[in-house]
Every structure is written in C-alpha cells, then in structure tokens.
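See below for the structure under consideration.
When a ligand or atom number is given, it counts from 1 through the structure's own listing order. Residue numbers count from 1 along this sequence.
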Amino acid sequence: MCGIVGYIGKQDTVPILVDGLKRLEYRGYDSAGIAVLNGEISVIRRLGKLKELESALLESTPAGFVGIGHTRWATHGKPSEENAHPHTDCTGGFAVVHNGIIENYSSLREELQAKGHTFDSETDTETIAHLVEENYKGDLLDAVKATIKQLKGSFAMAIISKHEPDRIIAARKDSPLVLGIGDGENFIASDIPAILGSTREVIFLNNDELVEVTGDGVNIFTFNDVAVDRDSFTVHWDFEAAEKRGYEDFMLKEIHEQPVAVKETIRSRFQKGKVVLETSSNLTDDMVKAISKIFIVACGTSYHAGLVGKNVIENWARIPVEVDVASEFRYRNPIINESTLVVAISQSGETADTLASLRGAKADGAKVFAISNVVGSSITREADGTVYTHAGPEIGVAATKTLVSQMAAIYVLSLYLAQVRGTLAQNEINNIIAELNELPEKMNELLKDINGIKSCAMEFSDCKSFLFLGRGIGVPVAMEGALKLKEISYIHAEGYAAGEMKHGPIALLERSVPVVVVATEGHTYEKVISNIQEVKARDAQVVAVATEGDKEIKNHADYVFYVPRTSELLSAIPAVVPLQLLAYYIAKIRGCNVDQPRNLAKSVTVE
Ligand code: M6R
C-alpha cells in the first residue's frame, strides 16, 4: 500500500521524510521518492527499496524545510522510477504524492494532453499535478480545491508548490490522512507510524476534507469550503501497535480491511450499468464470444476463489469451467485450444505452479488471463491481460483480504463475460451490480459484532479435528474455513461438500469433532439442514453460518454466526468472514503466531 509523509518546519526535511518512509515500509512498496522545496522543487525517486533512495540522497541531498515523500505500491503503471511519486507538472512548479485511485484519469489525461500538457509517467497521479498547474491562479489552496472537483475516485494527497514555499496543501477522500502537530513544525502522513518519531499529537482528517499545513498550524476545510475546528489527540500506541492501527495482529487488521478491499476492487468497474474492464485486461468482445471453455488455475486460498468463479461464471455467462490446483494442471495435459481461456488467480502473482501452468497453457494456444494483487508481478507480465484486485499489500501470511478481493474481481469478470455474451439481461446485471455495491457496507456491519465468534472459539479451541461443510457456493467457503483453521491454529480440519459427508467423513463424527456448516440462504438450504440433522444424530456439535433473519437455524445448530443477506452467489464474501475470525480467535487462544504461521511463506516461488 502506498505511504505518504510530509513535513514543514524549521528542520532539514530530508532526514524527517526518510525516517517517516522507513516507518511505512511494513506496508509494502516497490519504489520511493521525495520532493523538497528549496527555491525550486528537487525530486529524487528510486525503484526498489528505500536504501536505493538513501544511496541517491547520499550523492546529492537537497536542503530545505518543506517536503513530501512517498512509498509507492503500483496500481496504475508498472513499478519504475518514472512511475514513482512525487509527480510534477510541466513547469516543475508543483509536486504531488497520492494514495488511492483516480478513476477518471484517462479522460482527464486526454483533455490535458489536448491542452499541451506532456506526461512523464503512466500513473493516474500525474494527472493531479497537471490539473493543479492548469487551475493555479496565484493561490495553491484554490487550485487544489478546483482540482478536487474534477477528480473521481479515492485519494489522499499532498501538494507543494515552488510559488508558495510556506505551505503544503493536502486532501482526503476515501483514503486515510493524518496530521502531526509539532512545535513550529507540522507533519502529514497516510498513517500514524510515519510521524511517531517526531510527534504524538495527531489530528485525523475526515473524508472530503482538505487542509493547509504551515509551520505554525493547520487549517482544515470541508470540500464545501466550511472551516473545521478539530482538536488534536495524543497517541499512546507504541510503534508496533501503530503499524497495526491498534489491532493485535496484521491478520486481524486485514480481516477488518476487507470491506475496503472489496470496495476498491469493484470501484470504477461499473459505469452506467456497463461492466468495464481496464485496458490491461486485453480481452476483446470477439475473444469473449469465442470462448468455449475456461480453466481456472490457482493454489491454496486462490484456488478457493477459483471454485467460487466456477459457480459464478457457469451461472451468469454459461461457459463451462474447470478449476484446477496449479500443481496438477501443469502436469496433466489438459485439452486446450485457441478458444480456451485460462484464468490464473494469484494474489502474489509469483506462485511457481500457477506461473508454470500459465506458461504451459499459453504454449498450447490458450488466452491467459490473470487475477492478481501485485502490479508487474511475473504472472501479470506473462498473462495476456489482468484484472487487478485492489486489496493493498497483505502482510499476514494467511490470505484474507486478498481472497475477498479475488472473489470481487471474479464477480466483475463473470458479469463482463455475461454482458458480452448476452447471457444476462440488463436488469439482472443492474441488480447484481447494486448488490455488489452494497457488500462493503454489509461487511462493515458484520464486523461490528464478533463476540459470538470469540465465545465459540473459546468452546472449541482444544478440539483436535474439525469438519467444514457447505453446498454450492458454500463448498469453497467451507474449504477456505478449514484451510484458515489448519494454517494458523494447527488443528486438523477438512472442508467438504456436505452431500459427500455420508460417503466417508461421517465416520469421523463424535462429540469432540465440531462441524462448521455454511448454511446461508440458497436453493440447497433444505438439503444443508438435512446434513446438519445427520451431524446432530452423531452427537457432534454444529456451528452454522446463516443468513440474518433465519429463525429456523437455531433449532438445529449449537452456535450460529449470522451474515447479512445478499444473493446466493454473492454470499461467499460475507460467509467467509466469520470463518476467518473463528480460525483467528482459536489460533490466538492456542497462543499461535497468526501472522507468521510455521512452515508457511507468503509467496511460494518454488515448486
Ligand atoms: O499468491 P497466491 O495467491 O498464488 O498464493 C497461493 C497460496 O500459496 C496461498 O493462497 C496460500 O494457500 C495461503 N497460505 C493461504 O492463506
């Protein structure tokens, strides 16, 4: 995730910016840069880790008391020095750092180019610098206000200008920004840890607010130009707690970031009832119409996203789908031709088996499409096109927010296929889009009340084995619930299709083996209830994930985790959240390291 830091005061700004950026390293980044005001604006950027930037600064350190810095985690444009922030306008008069996504950047870029602006990067952010240049009539604050009105999307940004060396202007919409208050100096940052080395007095900027920061103070305004008076508060967190935004672990933080991950992934992909895939997807209508078969290949949690994909694509786009674990696909000689689409799902974009599967499928003539969270990763570079998820970097080894954003990307891709092939009517597409847009808020609601999950975790933390069951879209959810529990608590767990239980796993059932059942509303709900009865008849305890308002389920299950109502195929996203939390709390009770479980790696680049 990108990080921002800014400083204005009486000290040399470079060491302060570099220290702030170092404190943001844990968020993950691919390049870094700073801009310092010293009459002109000096910009120094480097691809790679901060030590590259530091080496460049050793050769030539700009002196100055005002500056902005950034660590970039690529979303628009590959990781490179040109795409690293800060970005400047044509005149070098303005420099900007930005977190978030400017949705309308390509139309703005075209308009600006038509007016003669030249661009040096592929980023959405550079558009902001040129817009400020265009809007500047002698007052930077006014220029930024005018610019904000032209932007669609999410942003936290900080802007400096050589024309006004005594202030930084910053603004926030749907992307966090904090102000650090010092004595004769002030700070801006995307996250509290960035400024904890200098001050503990902090003001949060709210959504739709902008701020003028000088050495003497901060003046906050709403986007509607109303002045805001807000007191600072003292941060008592230590640095480590601040990195985790007060959560005990990265995994818990990332579980709570899932609504944003889904929101960011679907953002800007629906325009006026149409599903829009970015140009990097490279999937033409003719290609979509010619697809006769889809293979989804992935590993681990991404494989579960693939299973969701099979259900959704077959239902909406009516294309046959096979889902394979990549380590099998690459060696099994599947039947592939030019009308085959292979979708490789990988949050890291580096998983060796998935990459090898992609290469094999391409060599056999298939079109290969990636779903990944990392711009410029190996899989995205070799695929014919990519739908990026926008979960931000995931630090916990166990995948959580990347999974729900993969599912969100799959919904987008499936709707796109259905739209092009005409297998869903426009009103059906509209309804699904409306429901998808509601999901983030529903997930927020779900995450507000998790006490029931904690007590359930207490009850079952000593168990040696769990069974997870589901039907239809509930199968991958059950499999993911089992995988999460295995990974972080080291308890044996199996995820199974509920109808298969009687063909084997039922032999495991006894009081000490809890059975977690995904029993959300759907066309097989009654069948799931019958499976629960079979479990109860063997004396095992049942934990059900059910749809809010389901009164019947309480008659069958010992514990119920309710999730907000949504349509059956979309229910995979809310239903997986309580299972992640159950695994998390059981692991915590057992004293496990949830962020770095034993034997696991975040990115599996070996076979
Ligand atoms: O980076 P990828 O999505 O390709 O990774 C695939 C698996 O290695 C990954 O999902 C793994 O199973 C995680 N430990 C899941 O929590």
Side-chain angles (χ1 to χ4, degrees), residues 28 73 249-255 257-258 261 265 296-309 323-330 342-359 368-383 386-410 468 476-491 493-495 576-577 579-584 586-587 592-607:
W73 195 76
D249 318 271
F250 283 112
M251 182 178 175
L252 189 60
K253 171 174 166 279
E254 285 157 4
I255 288 173
E257 285 171 351
Q258 292 187 112
T265 300
I296 302 181
V297 289
C299 303
T301 291
S302 299
Y303 171 73
H304 300 149
L307 294 173
V308 170
V323 191
D324 266 19
V325 285
S327 53
E328 286 300 311
F329 183 86
R330 62 184 290 193
V342 173
V343 180
I345 307 178
S346 172
Q347 62 80 22
S348 63
E350 301 295 346
T351 301
D353 284 320
T354 313
L355 184 56
S357 299
L358 174 158
R359 286 178 178 154
V368 180
F369 209 71
I371 293 179
S372 180
N373 199 42
V374 181
V375 176
S377 53
S378 305
I379 288 175
T380 66
R381 286 202 306 273
E382 297 199 25
T386 302
V387 174
Y388 283 107
T389 53
H390 295 297
E394 193 171 60
I395 292 161
V397 165
T400 54
K401 63 176 180 171
T402 52
L403 167 67
V404 292
S405 58
Q406 284 170 347
M407 291 183 192
I410 280 164
F468 286 72
V477 175
M479 291 170 76
E480 176 61 11
L483 180 68
K484 282 287 91 80
L485 188 66
K486 266 188 280 222
E487 281 188 299
I488 61 170
S489 75
Y490 318 139
I491 295 175
E494 287 199 48
V576 81
V577 178
L579 302 190
Q580 296 166 335
L581 286 164
L582 181 66
Y584 171 83
I586 289 179
C592 302
N593 181 341
V594 293
D595 283 339
Q596 287 174 334
R598 69 185 180 206
N599 305 338
L600 293 177
K602 187 70 192 159
S603 181
V604 185
T605 52
V606 290
E607 191 175 352

- Would you tell me which option among Thr351, Val604, Val397, Leu483 has the nearest heavy-atom contact to atom 4 (O) of ligand 1?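 Residue with the shortest heavy-atom distance to the ligand atom: Thr351.
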Considering the heavy atoms of [X], write down every atom of ligand 1 situated less than 4.0 Å from one of them.
X      : result
Thr301 : 10 (O), 12 (O), 15 (C), 16 (O)
Ser346 : 1 (O), 2 (P), 3 (O), 4 (O)
Ser302 : 2 (P), 3 (O), 10 (O)
Ala398 : 16 (O)

- Let me know which of Ile345, Val343, Val368, Val342 forms a side-chain contact (heavy atoms from CB on, under 4.5 Å) with Val297.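 Of the listed options, the one satisfying the test is Val342.
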- Message: Against Pro476, only a single residue in Leu307, Val323, Val576 fulfils side-chain contact (heavy atoms from CB on, under 4.5 Å); can you say which?
- Response: Leu307
Closest contact, heavy atoms only, [X] versus [Y]:
X      : Y      : value
Ala326 : Ser357 : O-OG, 3.1 Å
Trp73  : Asn373 : CH2-O, 2.6 Å
Ala391 : Ser405 : CB-OG, 3.4 Å

- Task: Assess Lys484 for proximity to ligand 1: is some non-hydrogen atom of it under 4.0 Å away?
- Result: yes
- Query: Based purely on interatomic distance, does Gly349 place a nitrogen or oxygen under 3.5 Å from a nitrogen or oxygen of ligand 1?
  - Reply: no
- Message: If you measure every N or O of Ser348 against every N or O of ligand 1, does any of those distances drop under 3.5 Å?
- Response: yes
- Message: Does either side chain, that of Glu350 or that of Ser378, offer a donor lying less than 3.5 Å from an acceptor on the other one?
- Response: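 Per modelled atom types, Glu350 and Ser378 side chains form a pair under 3.5 Å.
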